[in-house]
Every structure is written in C-alpha cells, then in structure tokens.
Amino acid sequence: MNYKVGIVSLGCAKNQVDAEMLLYTLKNRGFIIVNDPADADAVIVNTCGFIESAKQESINEIIELGKLKDEGKIKAIIVTGCLAQRYKSEISEQLYEVDSVIGIGANETIADIVLKTLDGQKCESFPDKVCLPLEGGRILSTPPYTAYLKIAEGCDNRCSYCAIPMIRGRFRSRDIEDVVKEAEGLAERGVRELNVIAQDTTRFGEDKYGKPMLAELLRRLCKIDGFKWIRVLYCYPDRITDELIDTIASEDKIVKYMDIPLQHCDGDVLRRMNRHGDRESLTALMNKIKDKIPNVIFRSTFITGFPGETEEQFNELAEFAAEMKFQRLGCFAYSPEEDTKAAEMPDQIDDEIKQKRADIIMEHQQQVMAEYCESLVGKEIEVLVEGFDKLAECFFGRSYADAPEVDGCVFFTCDGEKPKAGDFVKVRVTDYTGCDSVGEFVGKID
C-alpha cells in the first residue's frame, strides 16, 4: 500500500494520545505516515470541541487543509475527535472540504475509513463512545524522552459549564496492570519523563476497583527503571486524598507539581458549576499540600464571569489568587457551551465584563510569576534539556515546575561539553524574562 496519511491533532494531550494510537493503527495496516499534510493523500484532523475558541481552531484547520485539497495536493480530509463527535453530520453539511466524519468510537476502524474515503466514498460513522479503545500501540508524537500516559477516558463530574461528558462519555478507568505494562514499554523506549493524564486522574480506579487507585498506580510506576520524572496532571480537588499527597511527597520520582483546576473559590459559584468546596476548604487543602510537600508548584485554572457571578464574588476570587500565589495559573472568561446547564442559566454576564475580570486576574499573575522567577536567581536547578535555540544562541529545557507545552522554559548557555535533548543537567539561574528563567550550565546530572 502506497497511500500516505498525515494527522493534525488539536487540543489537549489526551487527544494527542488518541492521535498516536490512530497513527499506530494506520502504520500497522501499511499506510505511510507523513509529517507534512501537504505530502499526504489523506489527512485526518483530530479535532477539539471543548470551548468556542477550540472549535474555531478546528474549523480553521479544516478550511486551510481544504485549500491544499483544491490545489490537488491532498485527496481526502477525514475529521474525528471531539468536534466530530459533538456535531456529527453538521460538519460535512457545512464544511464542503470534509470527505468523511467519524466519532471517537470509530477510531479503531480508521484504516478502513481512510481506504473507503480515498476510494470516493463519503463515510459517517458514530458507534457508541465506549468503543474508543483504551488499549493499543502508539507512535509517539512527543520527543523520545517524554510521553503522556492516559489512564482513563471520559468524565463523570458533570460540571455545569462543560460538554466533555456529552462528548467523551462516562469515566472509564484502564486496568492498572495494562497501565503499568504500557509504562514499562515507554521506559524501555527511552522515555525519562512520564506525564500521567486523564480528564480527572484522581478518580482513577473508582469505577473498576471501587476505590481511588491513583496513589497505588503512582507507587507502581515509581518502581519502573528508566523514569526520572513522573508528573501527575488534572487532579480534582475533592478527590485529593491524604494517601495521594503522602505518595507524591515521599516518592522521589514524582515531581512536586500539582495541577488542580479549581475554577473558582466562592461556594455559591462553585455549587452552580456543580462543583464542591469554598474558599475556606480550598485554602485548607492547598495549605495541607504545602505543609506536606515543601517547594510544591501549583498549577490551576479559573473561570471568570460565570452566570450570576457578582462583583463581590469576583473580588473574592481575585483575593484568593493573590493569597495562594499560584506559580502557574490560567484564567479564562466563561464560554457558554451548547447543551450545557450553565448556558441556560439566568444572569449571563456581558462578554466585555467577563474578559476584563479575567484580565485583572492574569495581570496580577504576571507579578506572582515574576516573584517566583526572582526567587530562583542564584540557585542551581535541575533541567530536562529539550534543544538548542538558534535565534537565542542558547540551550533550553524545563524544570520540574514546567509541564510540557503549558508552562515556561529555562534558557541557558554552555561553554563546555554540549548537552543533548533528553539529558538532565544542573543550571545556575542568573536572570529571567517573562515566565522563563535564564542561566548557565553547571554540569550533567546523569
């Protein structure tokens, strides 16, 4: 088979893992995988449909690929992922560029879909969402030293603003033995940084084993030779147990970085979001983690302008952010999503007010991040090398405080033996720019 296939994957790391499994399936069936869509016979767009901006990005990508198709450079465009699952036939009806549309449950049949599409058939396939495979081979799209490990699919949290449960279905944990086996395979391939992901990692195991199993899984992963950093992302605050905190604190391989999307701190707003807690309980949680895990880095996200959010409630959120000093924080203006409860709520807030509130939070966050970067000056930190920046004429990488693709970098000069991507090195921080540290190479760690 001489057909060439390319994949454009948009959105989150969980979507990226799905794309890696699609690539493996296609290669296994004899397709030639190409990196540049312009070189492909068929291009698969693995879309995101989480919020309006993500939907628009997916649509724009399809339109741009359509131009290549009009020029005769590619023969077919196949759309899958969250946008396809959510809008089904509307995509092919409204985007003439698209040849076939499939839901996430059809991903396992992607090779047949590509063949039929290239043969001139227009395919629309939407099996049950639970047909999305949780197990299978992957062709990693990340650098060889880092990888994502998806431990579950779907979500049961039913936040009132979120369409993910409608798109991805119920929460489904993978079998812990399968997860460990995949992790062992990644370590054998040279992965040094393992990033554990799910829509809610802290729920892992509840559906399959009747109790939270994330802490147990992490302890198993830490026993695997090869990994130096294990990072846990997307921890739901209500399910952060003492066992999990103690495990993160005691295991050397687990980086002291906790990604806890809080969304708000006001109790009334959180209840309308169908979330739990209030400023007092969330402050207690964060302080408990700080006490047990020295030098912990917190990443979180907030939503401003949720329906009914008063000026007083927003001010409380701003005060909470200032008090907690999250080293990593994203704040987003509320986006009403079709078919969600929040979109139908009264007291919707003007877009300009929502965005202004988000801007206020992020303006203060710049100061918090500057203070954190300033605190590193003069210290030696561990850095995972990612490459050499020709424009800046220096090397760059990430510290434990920097998750891949979402956080900052560490730039550093090196006059001696040149490190390579995937090396762990010591860097003495001398300055910072924005949210990035700047420093000098001290020496290799391993």
Side-chain angles (χ1 to χ4, degrees), residues 142-149 151 176 179-198 201-202 204-205 212-235 239-260 285-299 327-328 372 375-376 379-386 397-404 406-410 412 419 421-429 437 439 441-446:
T142 50
Y145 51 81
T146 185
Y148 294 102
L149 181 68
I151 63 175
I176 193 168
V179 175
V180 172
K181 183 177 180 180
E182 182 180 0
E184 289 171 342
L186 292 170
E188 289 170 3
R189 292 163 67 175
V191 170
R192 306 296 310 282
E193 177 191 41
L194 190 70
N195 300 287
V196 179
I197 58 172
T201 52
T202 41
F204 174 73
M213 292 288 285
L214 179 59
E216 170 64 20
L217 172 64
L218 292 174
R219 290 192 291 268
R220 294 277 300 273
L221 296 177
C222 287
K223 294 177 182 177
I224 299 174
D225 291 335
F227 298 134
K228 185 170 178 62
W229 283 355
I230 297 175
R231 188 184 304 274
V232 188
L233 302 173
Y234 318 127
C235 295
R239 294 188 179 85
I240 297 176
T241 62
D242 287 344
E243 181 189 16
L244 178 60
I245 297 171
D246 291 340
T247 300
I248 294 173
S250 62
E251 293 285 357
D252 291 338
K253 289 184 179 181
I254 302 178
V255 296
K256 312 315 175 192
Y257 176 107
M258 294 201 67
D259 178 10
I260 312 174
L285 171 65
M286 309 302 277
N287 287 338
K288 179 198 290 187
I289 294 171
K290 288 178 183 178
D291 288 342
K292 291 192 173 185
I293 310 177
N295 300 317
V296 65
I297 298 295
F298 284 123
R299 162 165 279 283
Q327 295 94 337
R328 307 287 184 251
Y372 171 70
S375 73
L376 297 178
K379 295 180 180 177
E380 292 185 2
I381 62 174
E382 188 175 65
V383 173
L384 170 56
V385 180
E386 297 200 288
R398 291 181 287 107
S399 73
Y400 83 96
D402 305 305
V406 296
D407 293 324
C409 289
V410 178
F412 63 95
D423 284 347
F424 283 86
V425 301
K426 281 284 186 184
V427 172
R428 181 180 298 108
V429 179
S437 293
F441 175 80
V442 174
K444 288 187 178 181
I445 294 175
D446 53 26

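Hydrogens, waters and symmetry mates play no part in the numbers below; they use all other heavy atoms, side chains included.
For Lys181, the NZ atom sits in a loose shell: 12 or fewer heavy atoms of surrounding residues, nucleotides or ligands are nearer than 6.0 Å. Atom NZ of Lys223 is surrounded by 12 or fewer heavy atoms from other residues, nucleotides or ligands within 6.0 Å.
If you take CD1 on Ile176 and CZ on Arg220, they are separated by 5.5 Å, rounding to the nearest 0.5 Å. Atoms CZ and CG, on Arg299 and Asp402 in that order, are 9.5 Å from each other to the nearest 0.5 Å.
Note on ring orientation: taking the six-membered ring where Trp is involved, the planes of Phe412 and Phe441 are parallel (angle under 30°, cut-offs 30° and 60°).
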Working for side-chain contact (heavy atoms from CB on, under 4.5 Å), residues Leu217 and Val180: CA-CA 8 Å; Leu217 172 64; Val180 172; 4.1 Å; yes
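Under the 4.5 Å side-chain criterion, counting only non-hydrogen atoms from C-beta, Leu244 is in contact with Leu218. Under the 4.5 Å side-chain criterion, counting only non-hydrogen atoms from C-beta, Phe298 is in contact with Ile289. Side-chain contact between Ile445 and Lys228: present, with at least one pair of heavy atoms (C-beta onward) separated by less than 4.5 Å. Inter-residue side-chain proximity for Ile240 and Met258 is flagged as met; some heavy-atom pair is nearer than 4.5 Å. The shortest distance between side-chain heavy atoms of Trp229 and Arg192 does not fall below 4.5 Å. Residues Ile151 and Leu214 are in side-chain contact: their nearest non-hydrogen atoms beyond the backbone lie under 4.5 Å apart. Looking at heavy atoms from C-beta onward, Asn195 lies in side-chain contact with Glu193 at the 4.5 angstrom threshold. Looking at Arg398 and Leu384, their side chains come closer than 4.5 Å, going by heavy atoms from C-beta outward.
A donor-acceptor pair under 3.5 Å is absent between the side-chain atoms of Asp246 and the main chain of Glu243, judged by distance alone. The closest donor-acceptor contact from the side chain of Lys253 to the backbone of Ile224 lies under 3.5 Å. Without hydrogens or angle criteria, Lys256 side chain to Ile254 main chain gives a donor-acceptor distance under 3.5 Å. Between the side chain of Arg239 and the main chain of Thr201, no donor-acceptor pair closer than 3.5 Å is present. For Arg328 (side chain) and Ala401 (main-chain N/O), a donor-acceptor pair under 3.5 Å exists by modelled atom type.
Using a cutoff of 4.0 Å between basic side-chain nitrogens and carboxylate oxygens, Lys288 and Asp242 are scored as salt-bridged.
Listed here is the closest heavy atom pair of Tyr400 and Asn295: OH-O, 2.6 Å. Of all non-hydrogen atoms in Ile260 and Met286, the two that sit nearest each other are CD1-SD, 4.3 Å. In plain terms, the two heavy atoms of Ser399 and Ile381 that are nearest each other are CB-CD1, 4.2 Å. In terms of heavy atoms, Pro212 sits closest to Thr202 at CB-O, 4.2 Å. Summarising the geometry of Val255 relative to Ile248, their closest heavy-atom pair is O-CG2, 4.3 Å, with the distance given to 0.1 Å. Here the closest heavy-atom approach between residue Pro419 and residue Val385 is recorded as CB-CG2, 4.1 Å.
When only modelled atom types and interatomic distance are considered, Asp407 and Tyr257 share a side-chain donor-acceptor pair under 3.5 Å.
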